[in-house]
Amino acid sequence: MSTFFRSMSDGYVFPMFGWLHWSILGILLVGYFYIFWNARKNPKQLFRFHQVLLGLILLEQVLLYPWYYFALGFDPRVSLPMYSCRLAMLLYLFGDFFDNRALRYFAAYFGFPGGLVALFFPVLDNYSFPHLTNFTYFIGHLSLSWISVIFLLSDRSQKSYIKESLLFTHLYLVITYMVDLRYDTNYAYLMESPIFTEFFKGFSHPVYLGIIYLVYISALLMVHWGFQSLRSHYQRIASN
């Protein structure tokens, strides 16, 4: 257990697109297939899976933040829930607990594309396996991506909170940028991209910020339109 919760970093860098990474991406795709299959065939089974994922996200939160505090000391550069996926996990938990559909939409609009990118291009803390941060990163992002898909597929309300989500995204990016400046950190990757870094260094910082802003807004809109079409497709199938 001491190895799993150790605080001393060993400089480990996760090998992208190695056998372990491909295995995790395979699990991600299997989960998507399971969700899309049961969304039409067995909604009750999908609800049970949703509850399991909710429990995993809660466990991830309960383990991660106390570890940051006790193992590393509270460091606002790494300990705040300002990454989009960290925030999405908290929003979904609160949205489910208080039965607040708006919070769940905010979480899902962030969680599906954010979880997908985080799993394809993982940026982990520098701890070799096995370690708590490995567990929370992969289990957390898998659970977030899957639960976002379940919610976006299964919600039957007429209101998708797209305008509110766009406003929320704008406020999130503005506030996060101020936090990044204040604590010299890189939440939401507003200071530097973790992928294609050399490419983005060719742009001035204001241009880079504009690109990242457009990426967030475009991803949100594509998720909204894509799942809106999928829900309509499933409803047509169900009515036939």
Side-chain angles (χ1 to χ4, degrees), residues 13-14 16-17 21 25 28 32 68 75-92 94-95 101-126 137-138 140-142 144-149 151-152 159-230:
V13 177
F14 182 78
M16 272 199 280
F17 303 113
H21 192 194
L25 293 178
L28 174 69
Y32 286 152
Y68 271 129
D75 185 347
R77 294 172 298 176
V78 295
S79 303
L80 297 176
M82 298 299 292
Y83 287 112
S84 58
C85 288
R86 286 187 188 176
L87 180 60
M89 291 179 202
L90 288 172
L91 289 175
Y92 202 92
F94 281 110
R101 185 173 281 107
L103 289 180
R104 280 180 283 187
Y105 264 107
F106 296 162
Y109 284 144
F110 272 23
F112 172 61
L116 201 58
V117 171
L119 289 166
F120 269 91
F121 303 101
V123 181
L124 283 77
D125 293 312
N126 300 123
Y137 187 92
F138 287 115
H141 284 98
L142 284 168
L144 177 63
S145 188
W146 287 335
I147 208 169
S148 299
V149 172
F151 174 73
L152 291 169
K159 186 174 176 62
S160 58
Y161 295 93
I162 185 62
K163 292 180 181 178
E164 294 87 346
S165 297
L166 289 169
L167 176 60
F168 177 82
T169 302
H170 175 76
L171 292 174
Y172 161 73
L173 292 173
V174 170
I175 293 170
T176 302
Y177 185 62
M178 291 190 291
V179 171
D180 284 343
L181 290 175
R182 172 66 179 82
Y183 294 110
D184 189 27
T185 187
N186 193 29
Y187 290 121
Y189 304 115
L190 295 177
M191 295 301 177
E192 184 180 64
S193 173
I195 59 175
F196 311 123
T197 307
E198 292 303 316
F199 171 76
F200 283 113
K201 281 183 178 178
F203 298 97
S204 66
H205 191 63
V207 172
Y208 170 74
L209 279 175
I211 293 171
I212 296 301
Y213 181 84
L214 289 176
V215 166
Y216 271 92
I217 297 300
S218 299
L220 190 155
L221 291 172
M222 285 190 290
V223 170
H224 167 68
W225 291 327
F227 279 93
Q228 194 174 53
S229 299
L230 278 172

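By convention here, the first residue in the shown sequence is residue 1. Below, each value reflects all heavy atoms present in this structure, side chains not excepted, and no hydrogens, waters or symmetry copies.
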Kindly give the heavy-atom pair with the smallest separation between [X] and [Y], and that separation in Å.
| X | Y | result |
| --- | --- | --- |
| Ala88 | Ala107 | O-CB, 3.2 Å |
| Leu28 | Leu119 | CD1-CD1, 3.8 Å |
| Ala118 | His141 | CB-CD2, 3.3 Å |
| Met191 | Thr185 | CG-O, 3.3 Å |
| Val78 | Arg86 | O-NH1, 2.7 Å |

Derivation of the ring pair (Phe, Tyr, Trp, His ring centres under 6.0 Å) call for Tyr172 and Tyr177: CA-CA 8 Å; Tyr172 161 73; Tyr177 185 62; over 10 Å; no
Audit row: Tyr213, His170, side-chain contact (heavy atoms from CB on, under 4.5 Å) steps and yes/no: CA-CA 8 Å; Tyr213 181 84; His170 175 76; 3.3 Å; yes
Please round to the nearest 0.5 Å and tell me the distance separating atom [atom1] of [X] and atom [atom2] of [Y].
| X | Y | atom1 | atom2 | answer |
| --- | --- | --- | --- | --- |
| Leu116 | Ser148 | CG | OG | 10.5 Å |
| Phe120 | Ile195 | CZ | CD1 | 11.5 Å |
| Leu144 | Leu91 | CG | CG | 10.0 Å |
| Tyr183 | Asp75 | OH | CG | 10.0 Å |
| Ile212 | Ile217 | CD1 | CD1 | 12.0 Å |
| Glu164 | Lys159 | CD | NZ | 4.0 Å |

side-chain hydrogen bond (donor to acceptor under 3.5 Å, both in side chains) evaluation trace for Tyr208 with Ser193: CA-CA 9 Å; Tyr208 170 74; Ser193 173; 4.5 Å; no
Tyr189 and Asp180 side chains, donor-acceptor separation under 3.5 Å: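 No, Tyr189 and Asp180 have no side-chain donor paired with an acceptor closer than 3.5 Å.
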Phe94 atom CZ, over 12 foreign heavy atoms within 6.0 Å: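 Not buried by this count: 12 neighbours or fewer within 6.0 Å.
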Step-by-step side-chain contact (heavy atoms from CB on, under 4.5 Å) determination, Met82 to Leu87: CA-CA 6 Å; Met82 298 299 292; Leu87 180 60; over 6 Å; no
Stepwise ring pair (Phe, Tyr, Trp, His ring centres under 6.0 Å) check, Phe151 with Tyr105: CA-CA 8 Å; Phe151 174 73; Tyr105 264 107; 4.8 Å; yes
Audit row: Leu103, Tyr92, side-chain contact (heavy atoms from CB on, under 4.5 Å) steps and yes/no: CA-CA 6 Å; Leu103 289 180; Tyr92 202 92; over 6 Å; no
Whether [X] and [Y] hold their rings parallel, tilted or perpendicular, with breakpoints at 30° and 60°:
| X | Y | result |
| --- | --- | --- |
| Tyr83 | Tyr187 | perpendicular |
| Phe121 | Phe17 | perpendicular |
| Phe110 | Phe168 | tilted |

Per-pair distances, 0.1 Å, donor-acceptor, side chain in residues 219-227, under 3.5 Å, sequence neighbours excluded:
| residue | atom | partner | partner atom | Å |
| --- | --- | --- | --- | --- |
| His224 | ND1 | Tyr109 | OH | 3.0 |

Qualifying salt bridge (charged side-chain N to carboxylate O under 4.0 Å, His left out) pairs, either residue in residues 200-219, two or more places apart: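 Sorted pair list: Glu198-Lys201.
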Residues that Lys163 engages under salt bridge (charged side-chain N to carboxylate O under 4.0 Å, His left out), provided they are two or more places apart: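 Once residues adjacent in sequence are excluded, Lys163 has no partner under the salt bridge (charged side-chain N to carboxylate O under 4.0 Å, His left out) criterion.
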